[in-house]
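Structure record follows, encoded as structure tokens.
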Amino acid sequence: MTRERMLPSGGGPDIRGIQEKIISIVGSLECNMAPKAHVLPSSITDVRLGSLGVLKYAGCELRTWRRSFSHVREDKTDNFLAVFPLSAPLPISQSGRSAIAEPGSAVLLTTNKPFEGACAEHDSAFVVRLPGSLVRQHVPHIDECVARSVFMQRGVGKMLRSLVEFLVEDRNDYSASQADRFGEILLDTFVNVALEAPELAQFQDTRCESAHSRVYECAKAFIESNLSNPELDPAMVAEHCRISVSYLHAAFAASSQRVGAYIRESRLQRCRETLRNPAQRNKSITEIAMRWGFNCCPSFNRAYRAQFGKSPSEDRAASFSN
């Protein structure tokens with residue numbers, strides 16, 4: 001889950017080790033490293049949290065870093081990078097914008113476009129990698145926020161910063177499964193920060209609706225293709241969509257329908273279609289119910305009658321008598 005190395009300054013393999021670590025989280029880029037020796041060694045740590053990653057760099061070697069068009073074409077990654085300087089101002093530019101992130105703030109970058117930045121002689125920073133598709137699912141207009149400095153010293157911004165520090169500093173105190181869950185929490189916290197960005201004010205009326213609509217459609221497609229699985233439930237759907245269960249419920253709230261109710265009603269509709277299909281007359285009602293994820297016949301019969309006003313056998317007989 002984590003890797004850490006103390007890297008003495010100077011050229012050669014140790015410098016390459018720093019570059020490799022940075023690229024493993026950030027993606028392909030060109031690092032300009034200082035060749036001169038320093039007294040203090042550099043330390044670099046990366047933590048994997050499911051599809052998210054966190055990098056902490058502290059040292060003297062790194063001077064500038066640049067992701068060019070050739071790098072973008074080379075690895076074709078689509079991630080967002082939230083950069084938190086810890087000890088010195090960090091100038092960054094992307095998409096014709098320039099920003100200077102002071103310690104206590106953060107700057108957002110996207111890996112699907114070129115960017116560049118510089119470091120002070122003695123510098124340290126966190127870099128958080130977040131999958132672009134997941135972030136845009138929650139914040140569709142997040143690209144409006146790249147190369148903007150965001151103050152992180154209060155409210156949910158401070159919470160995000162503290163969470164990143166905890167995940168790196170206490171990396172040996174939680175399991176791999178907990179790391180995956182912390183990745184979800186980190187993503188949710190980042191989304192809450194991003195939704196308050198001034199650059200998104202013009203999208204205030206549509207941003208949540210659009211994000212919920214994307215999640216709703218993704219969830220419906222997964223549900224429809226997994227109705228035969230008796231284990232299908234809101235937790236499984238949320239895991240597939242890579243969101244929290246609470247966010248899934250919020251996405252369904254706009255349709256005035258609960259997730260569990262949608263799953264049950266979709267299963268009942270499939271059962272009714274199968275019961276009324278002449279080609280399926282040789283299948284028993286129990287077989288059909290189990291085929292579509294029901295594993296208890298009495299509860300299936302009750303749910304069917306409540307939904308359609310007839311028992312499964314009555315409905316089947318009526319459809320074939322017409």
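When reading the values below, keep in mind they use all heavy atoms of this one structure, side chains included, and skip hydrogens, waters and symmetry mates.
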Assess the residue pair R270 and E224 against the criterion (salt bridge (charged side-chain N to carboxylate O under 4.0 Å, His left out)); give the C-alpha distance rounded to whole Å, side-chain angles, the decisive distance to 0.1 Å, and a yes or no. CA-CA 10 Å; R270 292 290 183 89; E224 293 297 333; 3.0 Å; yes

Do C119 and R63 have side-chain heavy atoms sitting under 4.5 Å apart? no

Please evaluate residues R171 and K56 with respect to the criterion side chain to side chain contact (heavy atoms under 4.5 Å, CB included), reporting the C-alpha separation (whole Å), side-chain torsions for both, the decisive distance (0.1 Å), and the verdict. CA-CA 12 Å; R171 59 194 175 278; K56 182 181 181 182; over 6 Å; no

For E184, side chain to side chain donor-acceptor pair (under 3.5 Å) partners two or more places apart: R181

Is D46 salt-bridged to R129, cutoff N-O under 4.0 Å? no

Is there a donor-acceptor pair under 3.5 Å between the side chain of D180 and the backbone N or O of G50? yes

Starting at CG of N277, measure out to CZ of R316 and round the result to the nearest 0.5 Å. 9.5 Å

Going hydrophobic residue to hydrophobic residue with side-chain gaps under 4.5 angstrom, can you get from M152 over to M159? no

So if I apply the side chain to side chain contact (heavy atoms under 4.5 Å, CB included) rule between L163 and each of V54, V168, L186, V128, which one comes out positive? L186

Parallel, tilted or perpendicular: which describes the rings of F252 and Y216, with under 30° parallel and over 60° perpendicular? perpendicular

Can L52 and V47 be said to form a side chain to side chain contact (heavy atoms under 4.5 Å, CB included), step by step? CA-CA 9 Å; L52 279 65; V47 182; over 6 Å; no

Under a single-linkage definition using a 4.5 Å side-chain heavy-atom cutoff for Ile, Leu, Val, Met, Phe, Trp and Tyr, are I23 and V72 assigned to the same hydrophobic cluster? no

Answer whether the closest heavy-atom distance between the side chains of H249 and V259 falls below 4.5 Å. yes

Are L81 and R67 close enough, and set up right, to give a side chain to side chain contact (heavy atoms under 4.5 Å, CB included), and what steps lead you there? CA-CA 12 Å; L81 306 172; R67 183 171 169 86; over 6 Å; no

How long is the gap from CG on N79 to CG on L134, to the nearest 0.5 Å? 9.5 Å

Are Y262 and F300 linked, directly or through intermediate hydrophobic residues, by side-chain heavy-atom contacts shorter than 4.5 Å (ILVMFWY only)? yes

Backbone N or O of L62 within a donor-acceptor pair of the Y57 side chain at under 3.5 Å? yes

Any side-chain donor near an acceptor of the partner, E30 and S68, under 3.5 Å: no

Is there a donor-acceptor contact under 3.5 Å from the side chain of K76 to the main chain of R73? yes

Would you say that more than 12 heavy atoms from the other residues, nucleotides or ligands in this model lie under 6.0 Å from the CE of M236, or not? yes

Could you give me the CA-CA distance, side-chain angles and deciding distance for F115 and V83, then say whether side chain to side chain contact (heavy atoms under 4.5 Å, CB included) is met? CA-CA 13 Å; F115 59 74; V83 184; over 6 Å; no

Hey, is the main chain of V146 close enough, under 3.5 Å, to the side chain of R97 for a donor-acceptor pair? yes

Rounded to the nearest 0.5 Å, what separates atom CG in L227 from atom CG in L232? 6.5 Å

I'd like to know if the side chain of D75 reaches the main chain of S28, judged simply by a donor and an acceptor atom lying under 3.5 Å from each other, with no hydrogens or angles considered. yes

For residues L275 and D315, determine if any side-chain heavy atom of one lies less than 4.5 Å from a side-chain heavy atom of the other. no

Are V107 and Q94 close enough that some pair of their side-chain heavy atoms sits under 4.5 Å apart? no

Flag the pair F80 / F190 as yes when their ring centroid distance falls below 6.0 Å, and as no otherwise. no

Value for OG (S95) from CD (E144), rounded to nearest 0.5 Å, stands at 10.0 Å

Sidechain-backbone polar pair: S105 side chain, A101 backbone, donor-acceptor under 3.5 Å: no

Does I288 reach the side chain of F294, with side-chain heavy atoms less than 4.5 Å apart? no

Answer yes or no: is there an ion pair linking K113 with D143, defined by an N-O contact shorter than 4.0 Å? no

Looking at E239, I'd like to know if its CD atom is crowded, meaning that more than 12 non-hydrogen atoms belonging to other residues, nucleotides or ligands lie closer than 6.0 Å. no

Can you check whether C218 reaches H240 side chain to side chain, under 4.5 Å on heavy atoms? yes

OG/S133 to CG/L130 distance, rounded to the nearest 0.5 angstrom? 11.0 Å

I'd like to check R267 versus Y304 (side-chain heavy atoms, cut-off strictly below 4.5 Å). Are they in contact? no

Does any N or O in the side chain of S149 come within less than 3.5 Å of the main-chain N or O of A99, such that one atom is a donor and the other an acceptor? no

Test side chain to side chain contact (heavy atoms under 4.5 Å, CB included) applied to R161 and T189, V193, L86, the passing residue: L86

For residues E265 and Q257, determine if any side-chain heavy atom of one lies less than 4.5 Å from a side-chain heavy atom of the other. yes

When you measure from the side chain of S87 to the backbone N and O of S124, does any donor-acceptor pair fall under 3.5 Å? yes

So how far is it from I92 CD1 to R148 CZ, rounded to the nearest 0.5 Å? 13.5 Å

Hydrophobic cluster identity match, F166 and L187, side-chain contacts under 4.5 Å: yes

Can F84 be reached from I100 by stepping across I, L, V, M, F, W or Y side chains whose heavy atoms are under 4.5 Å apart? no

For Y174 and L167, the nearest pair of non-hydrogen atoms, with its separation, is OH-O, 2.5 Å

W292: partners by side chain to side chain donor-acceptor pair (under 3.5 Å), with sequence neighbours left out: T274

